[in-house]
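Below is one structure, written out as structure tokens; comments come after it.
Note that ligands are numbered from 1 as they come in the structure, with each ligand's atoms numbered from 1 the same way.
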Amino acid sequence: MCSIKKLSGVGDKRAKDFEKKGVYTISDLLYYFPRTHEDRTKFTEIADAVPGDETCIAGEVYSPVREVRIRRSFTIYSMVVFDETGAMNIVWYNNKYVKNAFKTGEKVLFFGKVSIKNGKKEILNPIYEKLEKQRFIGRIVPIYPLSGSLTQKTVQSLMEQAIEYAGNIKECLPREILERYKLPLVSDALKSIHFPTGYTDYERARRRFVFEELLMLQLALFGKRTQSDEKKREPFRITDCAFADKLPFTLTGSQMRVINEIHEDFKKPKAMNRLVQGDVGSGKTAVCAAGVFTAIQNGYQSAIMAPTEILANQHYETFSEFFKDYDIKIALLTKSTKNKKDLYEKIKSGEIDLIIGTNAIIQKDVEYCNLGMVVTDEQHRFGVTQRGMLSEKGENPHTLIMTATPIPRTLSLILYGDLDVSVIDELPPGRKPVSTYAVGEDMRRRVYGFLEKQVTAGSQAYVVCPLVEESDKSDLEDAENIHKTLSRIFPQFSVGLIHGRMKSEEKDKVMCDFVEKRIDILVSTTVIEVGVNVPNSNIMIIENAERFGLSTLHQLRGRVGRGQEKAYCIMFAHGDSEITKKRMDTLCSSNDGFYISEQDLKLRGPGDFFGTRQHGLPEMRVANLFADGKILEAAQKTAKEIAEKKLNLSEEEEQVLLGRVKNVLPDTIVLN
Ligand code: ADP
Ligand code: MG
């Protein structure tokens, strides 16, 4: 399809602005969907215009525009218009273009919000059009996301031109599918999604594009899956489970089931590609240890990648303990590892059997001897690429991915369409739910009183402050301030501080002090979110809880309640929005990660930045991954039929489809 420069009004500058949004051709532009529509169909006479309402007014210009300069950068333009029922003021701020835009006696249409100023009706900064040039008033109007110097009006006008080309867009959905799901043709749907005649018209079009988007995504994922099916390797021998018998606990039924699933994969002549989902504390480490153990017994190296140094250290200690009765050489490799060269040699020569570390283990210099199994822990912290880089360090190694971020089943196909999924849906026996409370600032004294009592009795506590962006200074200041305040209020306790910008040795030292009870209260940013285990800590206080995602809060809360004592999580939540209240209620009333993540999606909507980011779901153009569940199922079913060649596609239909799928980059799915 031809470049958008073919449209009148698009020069190099506008073309650049569109490029930023990925729009190069007219076809791209047609797929640049509005983020919403504005209903400008309602006209009111001036006497009936209700203050606070948005409406269209058809008025006659009474007098020329008056210009009043208030100060250097602030000028007010105003004029009076009237109809048969009365008169009103039309006002603009700093809009010099309106100064000479109107003639007395001219008929003009306005759209905007009516208000009352000095006893008179007015509309401030309305959209306007001359009656004889009516285009975007008196109809449903698309509102687009903008970039650069693009204005709504520009994009709207260009879209009006572009829509003339809608008939040239190739239909990418097979006829059989269009008929089965009663979806409109692409040319009609394009017109309706931009310039619908009404709500039903719009919904019909939207449904089609949601289906199209989800189908392409599913087909792309199937493609990825086929690729991974081609990764051949020799099956492993499955030895007895001697190792499991030596664990200090009995595995839960869920853990055993998942270990079995892993072993079944090992017996196949191709590489495993499996995701293990399990709530915090469900015992994923022991499950992956069983897999690693088998790989090592088969004479292969294994590697485990964790997102933080603290967690890598902890895994190193756990595995050293798990494997202490066996001749298995384990090494820890992180940024702060000394004598890296030596270690690299030992890894390359095969002297080391198990390498545990942070992303230091996928650096260029690290060469493995015969990597047969790789594990990525808490994978939502890593991108797809990093996950791939670990696998590429070996020849089609078995891949295990572990995550504590549960997502609803329909969605897991989207995220993990290329993986087999195992779920640990049971917690080890004896875990007590964490009593959770959401409180306001007025409760702070009481909360600190409670904290004092508990810590005096020997408990340890976390106080967590949000760190939305690593670079966000104010959040760090938050943590530092709270650390100061608590040190002052509780001189009898030792109050520690840990945050993401500390050097890893410093972090390790603080964590170590906390584990060994030299610190009573640990103030932290979310660096403690993943994995760390300190059984004696049973209180968690979370500041500004409204700024965290529900799943993150649930993960944080999973840090406490691992010991014998009853555990508490107290969240300070600010603002009294209905959504915040519902979100806090969800956490207070449930300890079930799956339920919480489902509620999280419902309450935020997956279009929400944090919602999608947190779950690692791809950004969608039109689909709402949660609300469009039914269409998602239909798309999944269709993708399967197409992949299994169960549909009667013409050659052309197949080619158009394949062409489209190629453009759905799998890397748009960022898993972090
Ligand atoms: P996560 O799934 O969050 O990674 P971990 O593997 O860190 O959980 O396990 C959490 C804690 O539970 C650890 O202290 C571990 O030793 C313990 N644990 C794991 N499995 C069992 C079990 N079957 N019975 C009792 N405790 C267990
Ligand atoms: Mg873990």
query: Does K268 pair with D265 as a salt bridge, N-O distance under 4.0 Å?
result: yes

For V280, atoms of ligand 1 separated by under 4.0 Å from a heavy atom: 3 (O)

message: Check whether T337 reaches the backbone of K340 with its side chain - one donor and one acceptor, N or O, closer than 3.5 Å.
response: no

field: P429 N/O to ligand 1 N/O under 3.5 Å
entry: no

query: How about H398 and F236: are their ring centroids closer than 6.0 Å?
result: yes

Non-hydrogen side-chain atoms of P429 and F249 separated by less than 4.5 Å: no

message: Is the distance between the ring centroids of Y568 and F450 under 6.0 Å?
response: yes

message: Using 30° and 60° as the class boundaries, would you call the ring planes of F319 and F323 parallel, tilted or perpendicular?
response: perpendicular

query: Going by the order shown, which atoms of ligand 1 are within less than 4.0 Å of some heavy atom of L251?
result: 23 (N)

query: Has ligand 1 got any nitrogen or oxygen that is less than 3.5 angstrom from a nitrogen or oxygen of G283?
result: yes

- prompt: Hey, looking at atom 1 (P) of ligand 1, which of Q314, M402, K284, Q555 has the closest heavy atom?
  reply: K284

- request: Name the option, out of T250, T252, T285, L427, that contains the heavy atom nearest to atom 4 (O) of ligand 1.
  value: T285

message: Give the atom numbers and elements of ligand 1 that come within less than 4.0 Å of a heavy atom of S282.
response: 2 (O), 8 (O)

task: Please say whether the positively charged group of R444, taken as NZ for Lys or CZ for Arg, lies over the ring of F572, i.e. under 6.0 angstrom from the six-membered ring centre and within 45 degrees of the axis.
output: yes

statement: Counting from 1 in the order shown, the ligand 1 atoms closer than 4.0 Å to a non-hydrogen atom of Q255 are 19 (C), 20 (N), 22 (C), 23 (N)

message: One residue to check: I424. Relative to ligand 1, which of side chain, backbone, both or neither has a non-hydrogen atom less than 4.0 Å away?
response: neither

field: Salt-bridge contact E321-K324 (side-chain N to carboxylate O under 4.0 Å)
entry: yes

Heavy atom of G278, distance to ligand 1 below 4.0 Å: no

task: Return yes when D279 approaches ligand 1 closer than 4.0 angstrom through a heavy atom, no otherwise.
output: yes

